[in-house]
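Data block below; observations after.
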Amino acid sequence: MSTGSRAAVFLDRDGVLNQPVLVDGRPHPPAGVEDLALLPGVKDACDELHDAGYLLLVVSNQPDVARGTLSMSAVETINRSLSEQLPLDGVYVCPHDDTDGCDCRKPKPGLLLQAASRWNVDMQRSFMVGDRWRDVDAGMSAGCATVFIDRDYSEPRPRQFDIAVRDLPEAATWILRRTP
C-alpha cells in the first residue's frame, strides 16, 4: 500500500512477544505488568531483527479497554515495560471492540498503515508477525509478507499466510533469510 524507504517487522503483542493468558483455549492479555512474561527467545529475536535494520513496530488489539475489563493505563504500563526490555521503535494500540467499527482494529490494516506513515515504511519489504487470523489478515491487507505463529488456539486459523512457525525466534530466522 505505502511505499516508503524503510523495512519493518510489525509484531502483535500477546502471544508473540509475551505469554498470553489462555481462557478456554483463547489468548487474552495479562491483567497488568506484574503478569507480564516475555516468551522464550523473544529478546534475542528482536535484537537480531533490529540489528539487521528492521524497525520493530508493535500493533495490538486491546478490546478489553472498550469492554471495561482492562484500563488503558494498564495497557500503557505493559507496553512501556516491553519497550524497556525490547528494542521496539513504536507501539500502536487499538482500544476498540468489533462493534465500534473503527479502522484500527485488526483485521483492518489501520494500525499498520498508521505506523507505516509515521516511520516511512515500505510495506512490500515488511512483515507482519501474529498468532491470530486477525493479525495475518491485517498484514495481507497492508501489503506485507505474513508470518503466522501457530499456538494451536481454540479458534479459527488464518486461511492464508506466507509461513507458519512455532515462535518469534523461528519467524526471525525466516525473515532474516529473506533479507537482501
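- Closest approach of Tyr153 and Gly15 over heavy atoms only: OH-CA, 3.8 Å.
- Between Asp64 and Arg67, at least one side-chain N (NZ, or NE/NH1/NH2) sits under 4.0 Å from a carboxylate O, which counts as a salt bridge.
- When the options Val9, Leu112, Leu111, Val121 are evaluated for a side chain to side chain contact (heavy atoms under 4.5 Å, CB included) with Leu57, the one that passes is Val121.
- Linking Ile, Leu, Val, Met, Phe, Trp and Tyr residues whenever their side-chain heavy atoms come within less than 4.5 Å places Val165 and Leu38 in a single cluster.
- Proximity of Asp89 to His50: side-chain heavy atoms (C-beta onward) are separated by under 4.5 Å at one or more points.
- Annotation: the span from Arg132 atom CZ to Glu155 atom CD amounts to 4.0 Å, rounded to 0.5 Å.
- Between Val147 and Ala171, the shortest heavy-atom contact is CG1-CB, 3.6 Å.
- Asp167 places a side-chain heavy atom less than 4.5 Å from the side chain of Arg151.
- The shortest side-chain heavy-atom distance between Arg13 and Leu82 falls under the 4.5 Å cut-off.
- A donor-acceptor pair under 3.5 Å is formed between the side chain of Ser126 and the backbone N or O of Asp122.
- A pairwise comparison of heavy atoms in Cys104 and Asn61 identifies O-OD1, 4.1 Å as the closest pair.
- In terms of modelled atom types and a separation under 3.5 Å, the side chain of Asp100 and the main chain of Asp97 share a donor-acceptor contact.
- Going from atom CG of Leu49 over to atom CG of Leu55 covers 11.5 Å, rounded to the nearest 0.5 Å.
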Please test Asp35 against Gln19 for side-chain contact (heavy atoms from CB on, under 4.5 Å), starting from the C-alpha separation and ending with a verdict.
CA-CA 9 Å; Asp35 300 320; Gln19 184 69 44; over 6 Å; no
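- Taken from CG in Asn79 to CD in Glu84, the straight-line distance is 11.0 Å, to the nearest 0.5 Å.
- Residues Val91 and Ser83 have side chains in contact (heavy-atom distance under 4.5 Å, counting atoms from C-beta outward).
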For Phe10 and Leu56: C-alpha separation, side-chain torsions, deciding distance, then whether side-chain contact (heavy atoms from CB on, under 4.5 Å) applies.
CA-CA 6 Å; Phe10 296 96; Leu56 298 182; over 6 Å; no
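- Met140 and Val129 fall into different hydrophobic clusters, where Ile, Leu, Val, Met, Phe, Trp and Tyr residues are linked whenever their side-chain heavy atoms come under 4.5 Å apart, directly or through other members.
- Between Pro29 and Val21, the closest heavy-atom pair is O-CG2, 3.8 Å.
- Two different hydrophobic clusters hold Met128 and Val42 under the rule that ILVMFWY side chains link at heavy-atom gaps under 4.5 Å.
- The side-chain heavy atoms of Val65 and Ser71, taken from C-beta on, include no pair separated by under 4.5 Å.
- Put simply, CD on Gln62 and NE2 on His28 are 11.5 Å apart, with the number rounded to the nearest 0.5 Å.
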Please test Cys94 against Cys102 for side-chain contact (heavy atoms from CB on, under 4.5 Å), starting from the C-alpha separation and ending with a verdict.
CA-CA 9 Å; Cys94 172; Cys102 67; 3.6 Å; yes
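- Taking every heavy atom of both residues into account, Ala74 and Ala31 meet most closely at CB-O, 4.1 Å.
- Residues Leu36 and Gln85 form a side-chain contact, since some pair of their non-hydrogen atoms from C-beta on lies under 4.5 Å apart.
- Within the model, atoms CG of Leu113 and CE of Met123 stand 5.5 Å from one another, a figure rounded to the nearest 0.5 Å.
- Taking the side chain as every heavy atom from C-beta outward, Glu170 and Ile163 never approach each other to under 4.5 Å.
- In this model, no donor atom of one side chain and acceptor atom of the other lie less than 3.5 Å apart for Gln114 and Asp103.
- Trp133 and Phe127 are assigned to two separate hydrophobic clusters, defined by single-linkage of ILVMFWY side chains at heavy-atom distances under 4.5 Å.
- To the nearest 0.5 Å, atom CG of residue Asp131 and atom CZ of residue Arg166 are 15.5 Å apart.
- Under the 4.5 Å side-chain heavy-atom criterion for ILVMFWY residues, a single connected hydrophobic cluster contains both Leu70 and Leu17.
- Salt bridge absent: Arg178 and Asp162 never bring a charged side-chain N and a carboxylate O closer than 4.0 Å.
- A salt bridge is defined here as a Lys NZ or Arg NE, NH1 or NH2 lying under 4.0 Å from an Asp or Glu carboxylate O, and Asp12 with Lys106 meets this definition.
- Side-chain contact between Val33 and Glu76: absent, with no pair of heavy atoms (C-beta onward) separated by less than 4.5 Å.
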If you apply the rule side-chain contact (heavy atoms from CB on, under 4.5 Å), what do you find for Arg125 with Arg6, and how did you get there?
CA-CA 8 Å; Arg125 293 175 40 224; Arg6 302 179 77 184; 5.7 Å; no
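- Minimum interatomic distance between Pro169 and Pro40 (heavy atoms only, all atoms of both residues): CG-O, 3.8 Å.
- A salt bridge links Asp150 with Arg157: the closest approach of a Lys/Arg side-chain nitrogen to an acidic carboxylate oxygen falls below 4.0 angstrom.
- Few gaps surround CD on Glu34; more than 12 heavy atoms of other groups in view lie less than 6.0 Å from it.
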